[in-house]
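Working notes, beginning with the structure itself.
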Amino acid sequence: MFSHVMVGVNDLEVSKKFYDALLGTIGVPPGVANKNRYFYRGPTGTFCISTPINGEAATFANGGTIGFAMQSPEQADAFHVAGVAHGGTTCEDPPGYREGPSGLLYLAYLRDPDGNKICALHRPPKPAVA
């Protein structure tokens, strides 16, 4: 359904260091520069950071969240730790399992250096029915 997600940032190099570390935990190579943007390409899509083209300050979407699929709770924890270590701040509840309408999920939320809300999400496999 989606080809890419792009978020606005105010300090491109600070954000590149943050996302290089964060996305590196899930095997995505460092961002590739293109003018005032960096592109992170993975097997299932592209994530981009950019200073706003109109020259105004980047702002985050209130109520918006960008979710990244994780292979395990441990990978979600590593993603969260890398983000906090590189200028992000934890938000929501601490990383952990949550039960909701869509079943059991492992979630780890943080905000990037510009306030964009990010979620590491792992969906455990459903138990086999006998």
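Here, residue 1 is the first one in the sequence, and each next residue gets the next number. All values reported here derive from a predicted model rather than from experimental measurement.
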Open item on the list: Less than 4.5 Å apart, side chain to side chain, heavy atoms only: is that true for F60 and V9?
Closed with: no

Task: Side-chain heavy atoms of S72 within contact of M70, under 4.5 Å - done: no

Under the side chain to side chain contact (heavy atoms under 4.5 Å, CB included) test, which residues partner [X], sequence neighbours left out?
X	value
R37	M6, F39, S50, I53
V28	L23, I26, Y40
D93	R98

With sequence neighbours left out, write down each residue that passes ring-ring contact (aromatic ring centres under 6.0 Å, His included) with [X], or none if nothing qualifies.
X	answer
Y97	Y106
F68	F47, F79
F18	none

Open item on the list: Within a 6.0 Å radius of atom CD on E13, are there more than 12 heavy atoms belonging to other residues, nucleotides or ligands?
Closed with: yes

Nearest 0.5 Å please: distance from the [atom1] atom of [X] over to the [atom2] atom of [Y].
X	Y	atom1	atom2	value
C48	N34	SG	CG	9.5 Å
L22	S15	CG	OG	11.0 Å
H122	D77	NE2	CG	11.0 Å
H80	C91	NE2	SG	7.0 Å

I'd like to check the side chain to side chain donor-acceptor pair (under 3.5 Å) partners of [X]; sequence neighbours left out, ordered by chain and number.
X	result
T65	none
Q71	none
T25	none

TODO: Please go through Y109's hydrophobic cluster and name the other residues, only I, L, V, M, F, W, Y counting, with side-chain heavy atoms under 4.5 Å joining them.
DONE: L105, L107, L121

Open item on the list: Tell me whether V84 shares a hydrophobic cluster with I118, the cluster being built from Ile, Leu, Val, Met, Phe, Trp, Tyr side chains joined at under 4.5 Å.
Closed with: no

Task: N36 side chain to T51 backbone, donor-acceptor under 3.5 Å - done: yes

TODO: Give a yes or no on whether the backbone of A82 and the side-chain of H86 come within a donor-acceptor separation of less than 3.5 Å.
DONE: yes

Task: Pairs flagged by salt bridge (Lys or Arg N to Asp or Glu O under 4.0 Å) wherever residues 99-127 is involved - sequence neighbours left out - done: E92-K117

Task: Where at least one partner belongs to residues 20-30, residue pairs that pass salt bridge (Lys or Arg N to Asp or Glu O under 4.0 Å), sequence neighbours excluded - done: K16-D20

